[in-house]
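Residue numbers run from 1 in the order of the sequence given. In what follows, every heavy atom counts, from backbone to side chain, and hydrogens, waters and symmetry copies are set aside.
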Amino acid sequence: MLRIYQNSYRRTAKKAVVYSTKVVCCNHSTLCNITASHYQRSGRGGSYGGQQHQRQHPEFLLAGNPARGWSLPPPSRGYGMLVVRIIRGALKLRYIVLGGAIGGGVSLSKKYEDWKDGLPDLKWLEDAMPQGERWSQFSRNLLEVGSVVKNAIDIDPKLKQLGEDKLTEWRSWFDSRLDDAIEAADIQGTQIIDTKEDLKAKTTVAALGISADESRKKYDKLQSQVETLQTEIMNVQIKYQKELEKMEKENRELRQQYLILKTNRKTSAKKIKKSLIDMYSEVLDELSGYDTGYTMADHLPRVVVVGDQSSGKTSVLESIAKARIFPRGSGEMMTRAPVKVTLAEGPYHVAQFRDSDREYDLTKEAELAELRREVEFRMRASVRGGKTVSNEVISMTVKGPGLQRMVLVDLPGIISTMTVDMASDTKDSIHQMTKHYMSNPNAIILCIQDGSVDAERSNVTDLVMQCDPLGRRTIFVLTKVDLAEELADPERIRKILSGKLFPMKALGYYAVVTGRGRKDDSIDAIRQYEEEFFKNSKLFHRRGVIMPHQVTSRNLSLAVSDRFWKMVRETIEQQADAFKATRFNLETEWKNNFPRLRESGRDELFDKAKGEILDEVINLSQISAKKWDDALTSKLWEKLSNYVFENIYLPAAQSGSQNSFNTMVDIKLRQWTEQALPAKSVEAGWEALQQEFIHLMERSKKTVEHDGIFDQLKAAVVDEAIRRHTWEDKAIDMLRVIQLNTLEDRFVHDKAEWDKAVKFLEDSVNGKLVQTEETLAQMLGPGRVKRFTQWQYLSQDQEKRRSVKGELDKILKNDAKHLPTLSYDELTTVRKNLQRDNVEVDTDYIRQTWFPVYRKYFLQQALQRAKDCRKAYYLYTQQGAECEVSCNDVVLFWRIQKVIKVTGNALRQQVINREARRLDKEIKAVLDEFGDDEEKKSHLLTGKRVLLAEELIKVRQIQEKLEEFINSLNQEK
């Protein structure tokens, strides 16, 4: 058994050597040639000498035969035995070495342990040897010594020369061997080239045997056969195309019935699954809202319909959509904004705008007319500020049986001349818009050319060629070919459709008929007319140059849809990856800037601010009655005090007697109540409500949960609501009745009310006195102490005022009951006295100084009377109006105080019961308006946080929709 194994092992080893020799010789023919030439130079001829020779020269196993490329030496048993013995010895040696290594390792380990135990303790060397920095310094010193010694040793020149000679000898030997190998390779290549040249020469000689006449006859015969076959193929294609259309119509009807049944089927527990084209259209809508300039990663495919004005591009789109959905004009510009039309298959032929729930039935002419009017209205509404065209996209979806699924964008037609009713930048705007949409590297350009006009008048072909010079995403469409057949040269039309007339290139060239020039023609009538034209047209049947697949709107629709979905499948993954990277960058930026906040968009932030504002309105009802009374009383007196002093109190007090005082007070109070008091009271109530509401808003800013991003929005909402809000009109009439009834009471009924009236009088008079003193201080300048301590000086006018005041004080000192005005004699006396002191003033200057001086004097007297009346209540109750102590001013202020109290109470009830709710409605209305106004929201809710969150949310939505679309697309595959 062992011998059999050894024999098979030998045979296997021998085959291995032979196969390895083949491989080496095949891959290294040059090496074989080198070996053969070396053997010839060695003097042993070209044959092999036997087994002994092979043992001495084993390299001859690789010897090559230049004539055949390579060859093997004759087989030899002795050589095979030698190889087997070598391999067997190597195998034995491997096991011996392995066993010896294992056994020696075990023995060595034991010896090492014994030797280690026998060593003395050398721990004392650790203290003696240098460590750490000392050892590093010692190592560096040794390296420096080594470098010094190396540089000090010189090599013997003879030994150095001998080494260089040996190196030169080895280099020359290697160069000679390399030259031999290159020469052998050149000889082999020359033989191969000679063989190819001989074959070519023989073939050329054989080809020249045919005469030129026979070749021409054969060519003409073949050409006629080709034309006959083309005609037959065209007829067969037309026949089968009709049969195909008939079958497709039946299939469309069956599919329509199926879709109707599928739509009517109850799917209460299931969510309705969107079609692929609807999902894709939603992605494009999201992108248009995310970045109107498409400067980010929006290179998603869409079919861009471009052409000159009135070239029939809108009619082509309608033929693809199978409905007359766009408004029509007589030579005027109708397409004023980009219109994105999403075509999808559905059971019913309907159209719907993106931002509307209404569906237009395209089978009914009335609803078609309404749809066209709506499209025209939206186009004109999108044009603002005197512009003729707009960049705002109008999005709509058209569904119907048999529609090809795709997304098309109809752009305004390119113009060469502007009219007087157009904006000055219309031409440039259209060019820029068209280039912008075509510059998308994945956009399919549907280039529309009017076949009824000269090709040289075309503007669109140059633009298309600039954006797509290689024509890899352009489809050329020649429209109005029914007119071109009569007007244009047929040969010129054929050149256009074969791509030989225009310098631009395209994926395909198509000819369509867009109508007979009648606005009322239906799509079915236009399609029937188109089929009849191409069936009978001589232009498309001469010499069979134009193929049937290049004509009709139906073939065009199929070609565009096929190219659209092919490009979608090729590019959608890249776009999804681009948005995934954008999302990752935005999320990283958000985490670095706002680590503890959630990404809240502008709409979510607005809703949150709206809730906080409405909560503050509700908090108005939580304010206590006492706080409302204090706020309303303070605001009422702030509004009424000036009128009470200037128009009622001061004129009555200066009347001269108590009876005249009371009479004047009654008259003036009644007039005031019937005219201005109720309106002023309502105004004071509204300001108090506004003040309290703003106070609540300011107090909320001091809380821990306050978010400063809402402050600008809240302030704008409150200001707008307050500006719009008005108090109820009937409140004024109600207040007037209450105030008149209150003022009819002229008698103070108890001591507490008397004391309150006295205090109210004192506080009011003190307030006016402070204001009067401030006015005098500005007129007279700083006092002596202030001038001395603060280094201030009097102006010339202030010095005059002081001189006039001194003279006026003398008059008041001599007459304690002086009237509020100065007589002519008194004015003359004052002016003469000042002239003696070299102070020149006129009478008006004296009167201006007299007014605050007398006001201060009168108020001081009023304060003194208030103090006297504080203890005169019982005397007042006994003597009434004829009281010895004049307390009429106390009674007046008691009546005013009572009116203010009653008015404040009525206003508080109106605020709580009516005005707070009305304010709530006003704020809600303002918030609703602001919520619908995206521009205002963007202005009021701004900042890096909002902008970053908005972009992140939008990118996340787009990426999710892209992934959803990709999953559905892969499932459809």
Novice: Measure from the side-chain N and O atoms of Asn967 to the backbone N and O of Glu963, and report whether any donor-acceptor pair falls under 3.5 Å.
Specialist: yes
Novice: Under the side-chain hydrogen bond (donor to acceptor under 3.5 Å, both in side chains) criterion, do Thr514 and Ser315 qualify, and how do the steps go?
Specialist: CA-CA 6 Å; Thr514 56; Ser315 300; 4.7 Å; no
Novice: Should Ile444 and Arg302 count as side-chain neighbours, where that means a heavy-atom distance under 4.5 Å?
Specialist: no
Novice: Is there a side-chain contact between Gln449 and Thr479 in this structure, where contact means two heavy atoms from C-beta onward sitting under 4.5 Å apart?
Specialist: no
Novice: What distance do Thr314 atom OG1 and Gln309 atom CD have between them, rounded to the nearest 0.5 Å?
Specialist: 10.0 Å
Novice: Could you walk me through whether Glu934 and Lys937 pass the salt bridge (charged side-chain N to carboxylate O under 4.0 Å, His left out) check?
Specialist: CA-CA 5 Å; Glu934 294 296 331; Lys937 281 198 299 186; 3.4 Å; yes
Novice: Within this structure, what is the OG-CD1 distance for the pair Ser319 and Ile526, rounded to the nearest 0.5 Å?
Specialist: 6.0 Å
Novice: To the nearest 0.5 Å, what is the distance between CD (Gln404) and CG (Leu556)?
Specialist: 10.5 Å
Novice: Have a look at Arg358 and tell me which of Glu374, Glu370, Gln352 forms a side-chain hydrogen bond (donor to acceptor under 3.5 Å, both in side chains) with it.
Specialist: Glu370
Novice: Should Arg372 and Glu365 count as an ion pair when the cut-off is N to O under 4.0 Å?
Specialist: yes
Novice: Looking only at non-hydrogen atoms, find the nearest pair between Pro327 and Val375 and report the distance.
Specialist: CD-CG1, 3.8 Å
Novice: Do you know which two heavy atoms are closest between Met422 and Ile415, and how far apart they sit?
Specialist: SD-CD1, 3.9 Å
Novice: Going by heavy atoms in the side chains, are Phe533 and Val481 under 4.5 Å from each other?
Specialist: yes
Novice: Are Lys322 and Asp524 ion-paired here, with the side-chain N under 4.0 Å from a carboxylate O?
Specialist: no
Novice: Would the distance check show the side chain of Trp565 and the main-chain N or O of Val560 forming a donor-acceptor pair, the cut-off being under 3.5 Å?
Specialist: no
Novice: Please report the shortest heavy-atom distance between Ser310 and Lys480, naming the atom on each side.
Specialist: O-NZ, 2.9 Å
Novice: Is it true that atom CZ of Arg472 has more than 12 heavy atoms of other residues, nucleotides or ligands lying nearer than 6.0 Å?
Specialist: no
Novice: What are the two closest heavy atoms between Ile523 and Glu318, and how far apart are they?
Specialist: CD1-O, 3.8 Å
Novice: Is the shortest side-chain heavy-atom distance between Met438 and Thr434 below 4.5 Å?
Specialist: yes
Novice: If you take all heavy atoms of Met379 and Val339, which pair is closest and at what distance?
Specialist: CE-CG2, 3.4 Å
Novice: Return the set of residues passing ring pair (Phe, Tyr, Trp, His ring centres under 6.0 Å) with Phe476 (not counting sequence neighbours), or none when no residue passes.
Specialist: Phe502, Tyr509
Novice: Can you give me the closest heavy-atom contact between Ala576 and Ile966, atom names plus distance?
Specialist: CB-CD1, 3.6 Å
Novice: Asp355: which residues meet the side chain to side chain contact (heavy atoms under 4.5 Å, CB included) condition with it, sequence neighbours left out?
Specialist: Phe353, Arg378
Novice: Any Lys/Arg nitrogen of Glu960 or Arg956 sitting under 4.0 Å from an Asp/Glu carboxylate oxygen of the other?
Specialist: no
Novice: For Gln466, does the CD atom have more than 12 heavy-atom neighbours from other residues, nucleotides or ligands under 6.0 Å away?
Specialist: yes
Novice: Take Glu951 and Arg583 through the test salt bridge (charged side-chain N to carboxylate O under 4.0 Å, His left out) and record every step on the way to the result.
Specialist: CA-CA 9 Å; Glu951 187 175 3; Arg583 174 180 175 177; over 6 Å; no
Novice: Answer yes or no: is there a donor N or O on one side and an acceptor on the other, between the side chain of Ser311 and the main chain of Asp308, under 3.5 Å?
Specialist: yes
Novice: Could you tell me the separation between the OG atom of Ser561 and the CG atom of Leu403, rounded to the nearest 0.5 Å?
Specialist: 10.5 Å
Novice: Nearest 0.5 Å please: distance from the CG atom of Leu446 over to the CZ atom of Arg473.
Specialist: 13.0 Å
Novice: Would you please test Arg380 and Glu376 for salt bridge (charged side-chain N to carboxylate O under 4.0 Å, His left out) and show each step?
Specialist: CA-CA 6 Å; Arg380 295 189 182 278; Glu376 185 175 4; 3.4 Å; yes
Novice: With a cut-off of 6.0 Å (strictly less than), are more than 12 heavy atoms of other residues, nucleotides or ligands near NZ of Lys399?
Specialist: no
Novice: Would you mind reporting whether Leu463 and His431 have side-chain heavy atoms less than 4.5 Å apart?
Specialist: yes
Novice: Can you tell me if Ser557 uses its side chain to pair, donor with acceptor, with the backbone of Arg554 under 3.5 Å?
Specialist: no
Novice: Enter the distance from Lys566:NZ to Thr571:OG1 here, rounded to the nearest 0.5 Å.
Specialist: 12.5 Å
Novice: Closer than 3.5 angstrom, by distance alone: can the side chain of Gln959 be matched with the main-chain N or O of Lys580 as a donor-acceptor pair?
Specialist: no
Novice: Can you name the ring pair (Phe, Tyr, Trp, His ring centres under 6.0 Å) partners of Phe564, sequence neighbours left out?
Specialist: Tyr280
Novice: Going by distance alone, is a donor N or O of one side chain under 3.5 Å from an acceptor N or O of the other, for Thr552 and Glu531?
Specialist: no
Novice: Do Val305 and Val316 have side chains that get closer than 4.5 Å, going by heavy atoms?
Specialist: no
Novice: Any donor-acceptor pair under 3.5 Å linking the side chain of Asp425 with the backbone of Asp428?
Specialist: no
Novice: With the threshold set at 4.0 Å, does a side-chain nitrogen-carboxylate oxygen contact exist between Arg527 and Glu532?
Specialist: no
Novice: Say whether, by atom type as modelled, one donor and one acceptor occur between the side chain of Asp562 and the main chain of Leu558 under 3.5 angstrom.
Specialist: no
Novice: With a 4.5 Å limit on heavy-atom distance, are the side chains of Val512 and Val477 in contact?
Specialist: yes
Novice: Is any side-chain heavy atom of Leu408 closer than 4.5 Å to one of Leu343?
Specialist: yes
